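Notes follow once the structure below has been shown.
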Amino acid sequence: MRADLRSPQLSVVIPAYNERARIAATMADLVRVLPSIVRDWEIRIVDDGSTDGTLDVARRAAAGDPRLVIQAEPHRGKGGAVRAGMLAARGRLRFMCDADLSMRPHELPSFLALVPDRCDVAIASRELAGARRVGEPRHRHWMGRLFNWLVRTTTLPGLQDTQCGFKLFTAQAVEAVFPKVQTEGWAFDIEVLAVARRLGLSIDEVPIEWHYGAESRISPIRDAIGMTRELFAIRRRVRAIDRDA
């Protein structure tokens with residue numbers, strides 16, 4: 001493990017692909033909120049080969065603040081960007097965070113209350129008692145529930161919401177899990193959690209308030225078909241992992 005006494009308590013890792021319009025505001029929101037939550041931190045923006053100038057905007061927003069790290073990557077997909085960022089992060093705890101902040105940063109203490117004292121990984125859930133969805137069209141909700149039913153029955157029984165983009169890991173969990181993850185698209189969350197379980201790591205869910213973004217890039221039909229296909233490839237790969245290696 002690379003974490004040491006100089007490592008920040010928390011790394012917030014944000015994958016960004018063509019997020020020019022909102023990345024600076026997202027960074028500013030987190031800079032404003034994080035000092036009231038954790039003692040020391042870094043924000044790591046992982047640009048996934050954006051073509052709209054996101055990288056330049058993020059670099060200008062980060063100028064002069066060493067806590068703001070901009071990581072340029074070739075375009076691989078959200079999963080590839082998250083994997084690269086989580087493995088490069090320095091924090092003793094590492095938090096995956098969507099660029100749209102559809103979960104508000106003030107909910108982060110609920111994750112920190114669980115990791116590392118009660119579990120190795122804490123994931124946001126839009127389905128547990130106490131969770132709330134704001135502004136989501138009904139058809140998007142039910143398509144998501146159908147896909148999650150498939151995930152639960154085939155790969156990750158017991159987890160109510162694998163696809164929400166907010167997840168907290170210990171550094172040890174990141175360094176055990178992420179090198180084994182191959183999925184680079186939207187289904188990567190499933191492989192991350194399946195590998196974690198295969199390795200015997202503990203996972204808890206955290207109910208959150210989640211705000212739907214109309215500009216979401218996920219296509220309910222196209223991406224669901226691709227993710228379903230990837231789900232069965234993930235099952236095969238995870239079963240091949242030797243958990244005692």
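All values reported here derive from a predicted model rather than from experimental measurement. Atoms considered below: every heavy atom in the structure, side chains included; atoms not considered: hydrogens, waters and symmetry mates.
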Check: K167 side chain, T162 main-chain N or O, donor-acceptor pair, under 3.5 Å
yes
Within a strict 4.5 Å, meaning less than it, do heavy atoms of the Y212 and R140 side chains meet?
yes
Between NE2 of H141 and CG of L146, what distance do you get to the nearest 0.5 Å?
11.5 Å
Apply side chain to side chain contact (heavy atoms under 4.5 Å, CB included) to the pair R118 and D204, showing each step before the final yes or no.
CA-CA 8 Å; R118 285 181 47 186; D204 275 356; 3.8 Å; yes
Side chain to side chain donor-acceptor pair (under 3.5 Å) partners of R39, counting only residues at least two apart:
none
If you compare all heavy atoms of P207 against all heavy atoms of A129, which two are closest, and at what distance to 0.1 Å?
CB-O, 3.6 Å
If you measure from CG on L199 to NZ on K180, what distance do you get to the nearest 0.5 Å?
5.5 Å
Going by the rule ring pair (Phe, Tyr, Trp, His ring centres under 6.0 Å), which residues pair with F188 if we only count those two or more places apart in sequence or in a different chain?
none
Quick one, V115 with F169, criterion side chain to side chain contact (heavy atoms under 4.5 Å, CB included). Give me CA distance, side-chain angles, the key distance, then yes/no.
CA-CA 7 Å; V115 180; F169 299 76; over 6 Å; no
Partner of R237 by side chain to side chain contact (heavy atoms under 4.5 Å, CB included), out of V181, T183, V195
T183
T26 side chain vs A99 backbone, donor-acceptor pair below 3.5 Å:
yes
V206 side chain near L168 side chain, heavy-atom distance below 4.5 Å
no
Write down the atom of I37, the atom of P105, and the distance for their closest heavy-atom approach.
CD1-O, 3.6 Å
Distance col, row W210:CH2 vs S125:OG, nearest 0.5 angstrom, shows 12.0 Å
Compare all side-chain heavy atoms of L93 with those of S11 and state whether any distance is below 4.5 angstrom.
no
Nearest heavy atoms of N18 and S50, plus distance in Å
N-OG, 2.8 Å
Does a side-chain heavy-atom distance below 4.5 Å link W41 with L30?
no
Would you indicate whether the side-chain heavy atoms of D29 and V31 approach each other to under 4.5 Å?
no
Those residues at least two apart in sequence (or on a different chain) that pass salt bridge (charged side-chain N to carboxylate O under 4.0 Å, His left out) with E42 are R44, R90
If you round to the nearest 0.5 Å, how far is CG of L150 from OG1 of T155?
7.0 Å
Would you mind reporting whether I203 and L193 have side-chain heavy atoms less than 4.5 Å apart?
yes
Do side-chain atoms of E209 reach the backbone of V134 as a donor and acceptor pair under 3.5 angstrom?
no
Find out if a path of hydrophobic residues (ILVMFWY) with successive side-chain heavy-atom gaps under 4.5 Å connects F147 to W142.
no
Common cluster, L128/F111, ILVMFWY with side-chain heavy-atom separation under 4.5 Å:
no
Rounded to the nearest 0.5 Å, how far apart are SG of C164 and CG of N148?
11.5 Å
Tell me, please, which residues at least two apart from A81 pass side chain to side chain contact (heavy atoms under 4.5 Å, CB included).
P15, V46, D48
ILVMFWY network linking V69 to F178, side-chain heavy atoms under 4.5 angstrom
no
Taking only residues two or more places apart in sequence or in another chain, which ones pass side chain to side chain donor-acceptor pair (under 3.5 Å) with D40?
none
Under the rule for side chain to side chain contact (heavy atoms under 4.5 Å, CB included), what residues qualify as partners of A24, not counting sequence neighbours?
V57, A61
Would you call R94 and E175 a salt bridge, taking side-chain N to carboxylate O under 4.0 Å as the test?
yes
Is any side-chain heavy atom of T170 closer than 4.5 Å to a side-chain heavy atom of V174?
no
Any chance you could measure R235, atom CZ, to E230, atom CD, to the nearest 0.5 Å?
13.5 Å
Can you name the residues that form a side chain to side chain donor-acceptor pair (under 3.5 Å) with Q163, not counting sequence neighbours?
none
Would you mind reporting whether D98 and K78 have side-chain heavy atoms less than 4.5 Å apart?
yes
Residue set satisfying ring pair (Phe, Tyr, Trp, His ring centres under 6.0 Å) with F166, at least two apart, ordered chain then number -> none
Report yes or no: do W149 and W186 belong to one cluster of Ile/Leu/Val/Met/Phe/Trp/Tyr joined by side chain heavy-atom distances under 4.5 Å?
yes
Could you walk me through whether L34 and L108 satisfy the side chain to side chain contact (heavy atoms under 4.5 Å, CB included) test, starting with their C-alpha distance in whole Å, then the side-chain angles of each, then the deciding distance to 0.1 Å, before giving a yes or no?
CA-CA 9 Å; L34 285 176; L108 185 53; 3.9 Å; yes
Search all heavy atoms of A84 against all heavy atoms of R76 and return the closest pair with its distance.
CB-NH2, 3.6 Å
Heavy-atom closest pair (A89 atom, V13 atom, distance to 0.1 Å) is CB-CG2, 4.1 Å
The test is side chain to side chain contact (heavy atoms under 4.5 Å, CB included); show your working for Q172 and L201 and say whether it passes.
CA-CA 10 Å; Q172 295 95 327; L201 302 180; over 6 Å; no
Specify the closest pair of heavy atoms between E19 and T54, including all atoms of both residues, with the distance to one decimal.
N-OG1, 2.7 Å
Report the residues that fulfil side chain to side chain contact (heavy atoms under 4.5 Å, CB included) with A62, sequence neighbours left out, ordered by chain and then residue number.
M27, L68, I70
If only side-chain N and O atoms count, and only distance matters, is there a donor-acceptor pair under 3.5 Å linking Q71 with E73?
yes
If a pair satisfies salt bridge (charged side-chain N to carboxylate O under 4.0 Å, His left out) and one of its residues is in residues 120-131, list it, with sequence neighbours excluded.
R126-D161, E127-R133, E127-R145
Sequence neighbours left out, what passes salt bridge (charged side-chain N to carboxylate O under 4.0 Å, His left out) with D56? Give chain and number order.
none
Under the rule for side chain to side chain contact (heavy atoms under 4.5 Å, CB included), what residues qualify as partners of R104, not counting sequence neighbours?
H106, H211
Side chain S7, main chain R92, donor-acceptor under 3.5 Å
no
